[in-house]
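Structure first, then comments.
Bear in mind that the values here come from a model prediction, so they are computed numbers and not experimental data.
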Amino acid sequence: MNLRDSALATADTIAERLASPQDIRELHHRQGWWPQSLAHGAAGVALLHIERARTDQGPWQRAHDWLACAAAEPAVGGPDSHLYYGAPALAFALHAAADRPGRYARALDTLDRYVTKAIRDRLAGAHARMDRGEMPALAEFDAIRGLSGMGGLLLHRDVHTDVLREVLTYLVRLTEPVKHDGEVLPGWWSHLAPSGTISPEYPEGHANNGVAHGIGGPLAVLSLAARRGITVDGHLDAITGILTWLDHWQQDGPAGPWWPYWITREQLRSGTTGPGPSRPSWCYGTAGFARVQQLAALALKDPARQHAAEFALLRAMTDSGQLDATVDMSLCHGFAGLAHITRLAADDALTPGLTACLPRLLAPITDTAPGTLADSLISPPSGGDIGLLEGAAGTALALHSFHTGTPSASGWETCFLTN
């Protein structure tokens with residue numbers, strides 16, 4: 001069996017195990033039962049079945065069943081909602097399922113009202129915070145809980161360009177330097193620890209570089225929007241400013257270029273970082289950093305920068321030390337994510353060699369018997385995770401996409417800001 005067929009067999013097995021919400025609900029879920037969650041719940045599983053149905057690899061009924069499960073309770077809106085939970089997550093999944101004009105239109109219109117109000121409320125709060133000269137929480141702007149994630153939803157929906165422009169304007173403002181206690185800091189410097197909480201280990205906060213929780217998310221949204229021709233005042237300058245920051249903190253070693261996950265005030269003053277490179281994941285790590293910089297280079301039409309980003313990814317994906325630090329199969333920080341990002345980057349690449357990395361990246365997944373792998377993801381003794389971010393649905397989606405070798409039919413990668 002060749003690699004593409006092995007990937008399909010494993011994706012098929014996981015999809016079969018996740019066929020029915022009723023069969024899954026009674027299992028022990030490590031993160032609990034959160035139907036409206038893309039990250040860990042029914043909305044994320046729905047994306048798997050939606051993508052399979054849209055590519056004629058599975059029945060629509062499974063997608064409908066999981067969407068119905070996700071939408072069984074009133075949609076969570078307001079400050080508790082974000083791209084990965086509540087009304088925005090439901091809107092993302094329903095739009096992915098809308099394979100013809102008018103499908104789910106009434107439900108999407110209702111959800112859009114919740115979502116656009118939540119976005120505008122958050123934008124108002126963010127601008128007021130900046131007016132007061134205060135530092136942001138990571139959840140204000142990040143890809144998972146913040147306005148970058150909401151920007152990804154708006155890119156996915158592609159019907160509220162006016163609200164998207166408001167988000168882009170905010171992200172541009174977020175990149176403007178600020179002065180605090182006599183020091184010039186990037187506008188995304190947070191007073192919190194990387195955990196998103198106040199911590200004595202980070203008494204002066206930090207600047208987060210990650211795609212999931214740091215400036216990598218805004219860079220991705222700004223770049224993806226620019227590639228679609230949607231820009232606001234200062235847009236390209238903001239992209240360049242973020243890239244200048246990442247250039248400053250780029251480290252070069254035997255394993256190739258890498259970037260620290262975050263920068264503390266002490267490191268800012270000394271110009272030094274800790275040891276690395278660390279795990280090369282999407283959320284934090286060279287795979288995520290390289291892909292968003294490749295997207296930025298494409299937006300800026302900068303082939304030299306594009307080559308540099310692709311070279312960094314190629315070195316990381318061929319470095320045994322970094323790959324040995326990857327210990328799970330997830331999209332967020334596992335082999336599924338590394339393989340999927342590498343495939344996306346290879347599709348856009350000027351640099352040869354990325355496609356050749358895929359067999360090694362997929363081997364930890366495809367070398368395991370499909371049933372054994374599905375059991376380890378969905379129902380291990382410690383509790384499984386069925387969702388998109390760290391769970392079985394995300395792993396199966398990466399395998400499905402590798403098998404098809406084509407852009408996703410549903411646009412599910414938009415929630416990772418990677419395409």
Problem set entry | Y85/W34 aromatic ring centres below 6.0 Å | yes
Problem set entry | Residues D162, R120: salt bridge by 4.0 Å N-O rule | yes
Exercise. Taking atom CZ of R305 and atom CD of Q293, what is their separation to the nearest 0.5 Å?
Worked result: 6.5 Å
Problem set entry | Over all atoms of both residues, closest heavy-atom pair of L164 and G151 | CD1-O, 4.0 Å
Seminar exercise, completed: P260 and F289 have their tightest heavy-atom pair at O-CZ, 3.9 Å
Problem set entry | Pairing of D233 and R173 as salt bridge, 4.0 angstrom limit | no
For this session: Would you kindly check if the NZ (Lys) or CZ (Arg) of R265 is within the cone defined by 45 degrees around the ring axis of W189 and under 6.0 Å from the six-membered ring centre?
Result: yes
Problem set entry | R145/D142 salt bridge by N-O under 4.0 Å criterion | yes
Problem set entry | Candidate list Y261, W262, Y284, test side-chain hydrogen bond (donor to acceptor under 3.5 Å, both in side chains), partner N208, passing option | Y284
Exercise. If you look at every heavy atom in R103 and L108, which pair is closest and at what distance?
Worked result: O-CD1, 4.2 Å
For this session: Take R17 and D23 through the salt bridge (Lys or Arg N to Asp or Glu O under 4.0 Å) test and state the conclusion after the steps.
Result: CA-CA 9 Å; R17 297 286 180 87; D23 294 340; over 6 Å; no
Exercise. Under the 3.5 angstrom rule, does the side chain of T414 hit a backbone N or O of G411 as a donor-acceptor pair?
Worked result: yes
Exercise. Taking H82 for the side chain and I144 for the main chain, is one N or O donor matched with an acceptor at less than 3.5 Å?
Worked result: yes
Problem set entry | Lys/Arg N to Asp/Glu carboxylate O, R343 vs D347, below 4.0 Å | yes
For this session: Let me know which of S278, P280, P277 forms a side-chain contact (heavy atoms from CB on, under 4.5 Å) with W258.
Result: P277
Problem set entry | Cation-pi geometry met for R25 and W66 (6.0 Å, 45°) | no
Exercise. For the side chain of R291 and the backbone of T418, is there at least one donor-acceptor N/O pair under 3.5 Å apart?
Worked result: yes
Seminar exercise, completed: Nearest heavy-atom approach of T13 to A374 is CG2-CB, 4.1 Å
For this session: For the residue pair T351 and E310, confirm or rule out a side-chain donor-acceptor distance under 3.5 Å.
Result: yes
Exercise. Hey, is the main chain of L18 close enough, under 3.5 Å, to the side chain of H49 for a donor-acceptor pair?
Worked result: yes
Exercise. Distance-only, no hydrogens or angles: does the R54 side chain make a donor-acceptor pair with backbone N or O of A96 under 3.5 Å?
Worked result: yes
For this session: Answer yes if the ring centres of H28 and W33 are under 6.0 angstrom apart, and no otherwise.
Result: no
